[in-house]
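See below for the structure under consideration.
All ligand and atom numbering here is 1-based and tracks the order in the structure. The shown structure was predicted, so the numbers you read here are calculated from the model rather than taken from an experiment.
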Amino acid sequence: MNDILSNIDFTFQRIENACLANNRDPKEVRLLLATKTVTPEKISIALKAGHTLIGENKVQEIKEKYEALKNIPHETHFIGHLQSNKIKDILKFGVSCIQSVDRIGLAEKLHQRLSFEKRKIDVLIQVNTSDEASKFGVHPDKAAALVERIAAFDTIQIKGLMTIGLFSAETAQVRQCFQLLKKISDEIKNRHIPGVEMKELSMGMSGDLETAIEEGATIVRIGTAIFGKRAYPDSYYWNEGK
Ligand SMILES: *Cc1c(COP(=O)(O)O)cnc(C)c1O
């Protein structure tokens, strides 16, 4: 249990150091705990200590953990691949932001459901910056056009962009992914699309958070460095159905 909290402390130190090295205010960067496969018991240790932003990849997992966590204040973002037939479910379990909207069909169905429920939701647009066929996300060249189309849905509030960087030990290549996301974000900002904010850049994970912060991340999503290694390979979460 102390492991989790000391890992969080250590992660905050990494965030802070990266911010200070780049003349950024550490308050500009939020730590999102990537809690896929982590038990509610472990998650609640972090939540009770005040680390209240979590990200889940599967609707089924959110569902399973919901009862155990619902009385501990926290905020849940969805960071996995979302299938249209799971929209109804995801809205039932208090997700405040879907970071992985990457196609118009999904946005249309989301809008239909939100209209029916008379509510709104925050989203980030997931961009496939690494050009790997195995990863979800809109192609970088198509991101701005997708944002414009989704912006027409008044139930969906676009707050920024998300990416999973190239899974590589080559910092230079990972950095290119983050730079590309920032560049797309700036281009979209310049279009001044009504209702669209480009204030969030969700990028950086356990292995590359420093690089992401250097390139402008406002949310880093950290799993392994806090909760330890997972039993499943990430491909199980990232390439589902591909
Ligand atoms: C699992 C996951 C993370 C966290 O990755 P770690 O390397 O364990 O820090 C971040 N983002 C997404 C989308 C994930 O699925």
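The Ile222 neighbourhood of ligand 1 comprises atoms 9 (O), with distances under 4.0 Å to a heavy atom of that residue. The Thr224 neighbourhood of ligand 1 comprises atoms 6 (P), 7 (O), 8 (O), 9 (O), with distances under 4.0 Å to a heavy atom of that residue. For ligand 1 and Lys36, the ligand atoms under 4.0 Å from any heavy atom of the residue are 1 (C), 2 (C), 3 (C), 14 (C), 15 (O). Those atoms of ligand 1 with a heavy atom of Arg230 less than 4.0 angstrom away are 1 (C), 5 (O), 6 (P), 8 (O). Using a 4.0 Å cut-off to heavy atoms of Arg221, the atoms of ligand 1 that qualify are 4 (C), 9 (O), 10 (C), 11 (N), 12 (C), 13 (C). Every atom of ligand 1 is numbered from 1 in the order shown, and the set under 4.0 Å from a heavy atom of Ala34 is 3 (C), 4 (C).
Across all their heavy atoms, Ala151 and Pro194 have their closest contact at CB-O, 4.2 Å.
Lys48 meets the side chain to side chain donor-acceptor pair (under 3.5 Å) test with no other residue; sequence neighbours excluded.
On a distance-only criterion, Gly223 and ligand 1 share at least one N/O pair closer than 3.5 Å.
Looking at Ser206 against ligand 1, both its backbone and its side chain come within 4.0 Å, counting heavy atoms. Contacts with ligand 1 closer than 4.0 Å are made by side-chain heavy atoms of Asn57 only, the backbone lying farther away.
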**Report entry** Audit row: Phe116, His111, ring-ring contact (aromatic ring centres under 6.0 Å, His included) steps and yes/no
**Finding:** CA-CA 8 Å; Phe116 178 75; His111 173 63; over 10 Å; no
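Between the side chain of Thr52 and the main chain of His74, no donor-acceptor pair closer than 3.5 Å is present. A donor-acceptor pair under 3.5 Å is absent between the side-chain atoms of Asp89 and the main chain of Lys86, judged by distance alone.
Within the structure, ligand 1 lacks Gln99 among the residues with a heavy atom less than 4.0 angstrom away.
If you run side-chain hydrogen bond (donor to acceptor under 3.5 Å, both in side chains) between Lys159 and each of Glu200, Glu197, Gln99, only Glu197 comes through.
A salt bridge is absent between Glu214 and Arg24; no separation between the charged side-chain nitrogens and carboxylate oxygens falls under 4.0 Å.
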